[in-house]
Every structure is written in structure tokens, then in C-alpha cells.
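In listed order, ligands and their atoms are each counted from 1. Remember, predicted model here, so these are calculated numbers, not experimental data.
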Amino acid sequence: ESTGTTPFIKEIFLGRCLELQTETAIPNACPQSPVNCTLLWDVFHDAIAYKDPCAIPLDAYREFIAAVPHQLPADKSMFWSGTSYIVHEYTEAANDLLTLEDTLLGYMVDGLQWCSSTDASSTGLNYQECPDFWQEGCAVASTAFYTATSSAIGRQATGVITVMLDATRTDGAYRNDSFFAKYEFPNMDPEKVTRGDIILVNRLGNPIVETCGTGSVAVLERLFTEKGIEWTCTDNDERVYHVQCSKDPTHTECITPADVTGSS
Ligand code: CV1
């Protein structure tokens with residue numbers, strides 16, 4: 001078992017919720033009208049409080065989703081699968097797209113851990129220990145949370161959407177069992193989404209397994225076509241490559257022959 005609920009999760013949640021309402025936190029992510037952060041915390045907390053931490057129903061966060069104002073601007077949605085190691089650095093550097101973690105749906109609890117306690121004398125959350133999310137037969141809170149929030153951002157997306165996939169994964173860049181495949185893509189409305197831009201990332205130091213038009217990427221391209229949504233696909237996206245190199249400047253894949261000659 002892993003450690004328990006992140007200490008001070010309530011204070012962190014409220015602080016981040018208030019922070020997101022200032023223009024400066026994340027451009028474009030600021031809600032149009034003031035949000036009642038205390039109410040959002042109560043709804044988030046009550047979704048699981050005092051329940052069996054291994055029996056959280058997939059719809060537990062329904063009221064939380066309903067309480068968060070719908071707010072993503074058109075053409076700004078960034079979806080990802082297998083690329084959590086670079087997607088946020090990219091959106092921060094390029095400053096034009098928003099992931100779930102940049103919106104009021106995902107920002108408050110990004111990187112935190114939480115689970116319920118059935119102890120009636122507790123606050124309803126367990127700060128000592130939480131079940132592991134991969135535990136057999138255990139339906140944890142984070143699965144319900146990402147099921148609900150992923151479905152919501154899929155439904156809410158309008159205009160051009162982007163999805164960043166890892167072309168060096170041996171189990172496929174587009175996987176049927178991913179949150180992207182199960183809850184985001186299927187909830188996109190072809191009446192609202194005008195185009196899907198697939199960008200493939202080559203994780204530094206890993207061999208390329210898939211390219212646009214091959215393997216699981218071809219599967220996703222066909223799914224877009226069947227849904228009636230136009231798509232584009234970019235191999236080894238150059239902007240993401242530069243962001244990867246800015247994080248790891250001396251990686252052999254980032255040093256060009258010209259640089260090597262120049263330094264000798
Ligand atoms: N999403 Br910490 C899904 N899972 C998340 C998210 C998140 N925002 N944040 C975290 N996780 P994987 P995917 C955890 O790389 O296609 C949303 C989950 O608990 O396999 O399944 C995002 O909007 C899970 O264990 O990709 C994104 O577009 C693991 O990370 C899409 O769903 C899943 O990461 C990514 O989910």
C-alpha cells in the first residue's frame with residue numbers, strides 16, 4: 001500500500017482554486033465568472049468521503065463535474081496518452097494549449113493523492129494509507145476521478161483538438177485501454193470538433209516503434225475518419241523535440257554534428 005491522502009489536501013485544493021481565478025496563473029484557463037471554491041471542495045470531498053476506498057463507483061464525481069463551470073476555449077484542448085513526462089512542459093513553453101491539468105477540472109488535485117476512510121470518527125479521508133490503483137478488484141477514487149474529468153473534457157472540446165502520443169512505446173502509441181481511448185476520444189462531438197491534430201513524440205533515447213499511418217496510430221487515424229472528423233499527423237514533432245532537449249540539453253540526440261565539430 002502507498003502513503004495516504006496528501007496532507008493539507010483541502011488547503012492545497014482551495015489555494016489552487018483561488019489561484020486559477022487570477023489572470024496570471026495560466027493564461028486562458030481563468031474561469032469567466034467567480035467560482036465558489038469552498039463549495040467545490042465540499043462536493044469533491046463528499047464524492048468519496050466515508051466510502052470503501054476500494055469500491056468507488058465510476059460516477060462518484062458526477063456532482064463535482066456538474067459544479068465546475070464549463071470553460072475551455074475553442075482550439076485549445078490538448079489530450080495526451082503516454083506522454084505525461086513532456087506534455088506539460090510543452091504546453092507551458094508553447095503557451096497555446098491546455099491539458100485537463102490546466103483547467104478547473106484537473107488543476108486542484110494534479111499530482112496529489114487521496115482516498116476515503118470508512119472510520120466514522122475521521123474526516124472521511126484516510127491520511128495514513130491508500131490502496132494502490134492497480135490492486136486487483138479495487139476501484140479507487142483516482143480512476144473514478146479521471147473517468148469523470150476525461151469524459152467531461154472530451155465532451156467539452158470544440159474546434160481543433162490536439163493529442164500527443166509516444167511513438168516509442170512498445171505497447172502502442174494509441175492503446176484501447178487508455179483514458180484517452182476510453183473516455184476522451186469517444187466523447188468528442190463531431191459537430192463541435194473540426195479537426196484532430198495527432199502529434200507523435202519520440203522519447204529521447206528510445207527507438208521509434210510507430211509512425212503516422214502505421215500500427216496503432218493508423219487505428220486512431222481511421223477512428224477519426226469514421227467519426228467524420230478531419231485529422232493531421234506529425235512524426236517526431238519538432239517543437240516537442242526542442243522542449244525535450246531543453247530539459248536534457250546534453251542528451252546525445254540533442255547534440256548535432258555541427259555542435260560537436262564546433263567545440264573541438
Ligand atoms: N488523465 Br496523474 C488520465 N490519467 C491521469 C491523468 C489525466 N489527466 N492524470 C493522472 N493520470 P496514460 P491515458 C494517471 O499515460 O490515455 C487524462 C491515471 O490515474 O496511460 O490513460 C488526461 O486528460 C492513470 O493511471 O494515458 C489525458 O488526456 C495514468 O495517469 C488522458 O486522460 C494514465 O496515463 C491520459 O490518460
Is a side-chain N or O of [X] found less than 3.5 angstrom from the main chain of [Y], in a donor-acceptor match?
X    : Y    : result
Q113 : G4   : yes
Y127 : T3   : no
Q244 : N202 : yes

(request) Anything under 30° is parallel, anything over 60° is perpendicular, the rest tilted; go ahead and classify F44 against Y61. (result)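 Tilted.
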
(message) Pairing donors with acceptors under 3.5 angstrom, does anything connect the side chains of S216 and R175?
(response) no

(request) Would you mind finding which of F185, F180, Y85, W80 brings a heavy atom closest to atom 35 (C) of ligand 1? (result)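 Checking each option, the heavy atom nearest atom 35 (C) of ligand 1 is found in W80.
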
(request) Run down the list F179, F133, Y183 and name the one with the heavy atom closest to atom 21 (O) of ligand 1. (result) F179

(request) Please indicate, with yes or no, if any protein heavy atom is found under 4.0 Å from atom 30 (O) of ligand 1? (result) no

(request) Answer yes if a protein heavy atom lies under 4.0 Å from atom 7 (C) of ligand 1, otherwise answer no. (result) yes

(message) I need the N206 CG to L204 CG distance, nearest 0.5 Å.
(response) 8.5 Å

(request) To the nearest 0.5 Å, tell me how far L125 CG sits from C115 SG. (result)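 Interatomic distance, L125 CG to C115 SG, rounded to 0.5 Å: 7.5 Å.
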
Below 4.0 angstrom from a heavy atom of [X], which ligand 1 atoms are there? Numbered from 1 as shown, please.
X    : result
S150 : 17 (C), 32 (O)
L100 : 8 (N), 23 (O)
E184 : 17 (C), 22 (C), 23 (O), 27 (C), 28 (O), 31 (C), 32 (O)

(request) Could you find the nearest protein heavy atom to atom 11 (N) of ligand 1 and give me its residue, atom name and distance? (result)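 Result: Y146 CE1, 3.8 Å.
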
(message) Is there a polar contact, in the sense of an N or O pair closer than 3.5 Å, between S81 and ligand 1?
(response) yes

(message) Considering both backbone and side-chain atoms of G82, is one of its nitrogen or oxygen atoms within less than 3.5 Å of a nitrogen or oxygen in ligand 1?
(response)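 N/O-N/O distance under 3.5 Å: yes.
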
(message) Please classify the I153 to ligand 1 contact at 4.0 Å (heavy-atom distances, strictly less than): side chain, backbone, both or neither.
(response) side chain

(message) With the threshold set at under 4.0 angstrom, would you say R175 reaches ligand 1 through any of its heavy atoms?
(response) yes

(request) Treat each ILVMFWY residue as a node, draw an edge where side-chain heavy atoms are under 4.5 Å apart, and state whether I229 and F79 are in one component. (result)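 Looking at the clustering, F79 is in the same group as I229.
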
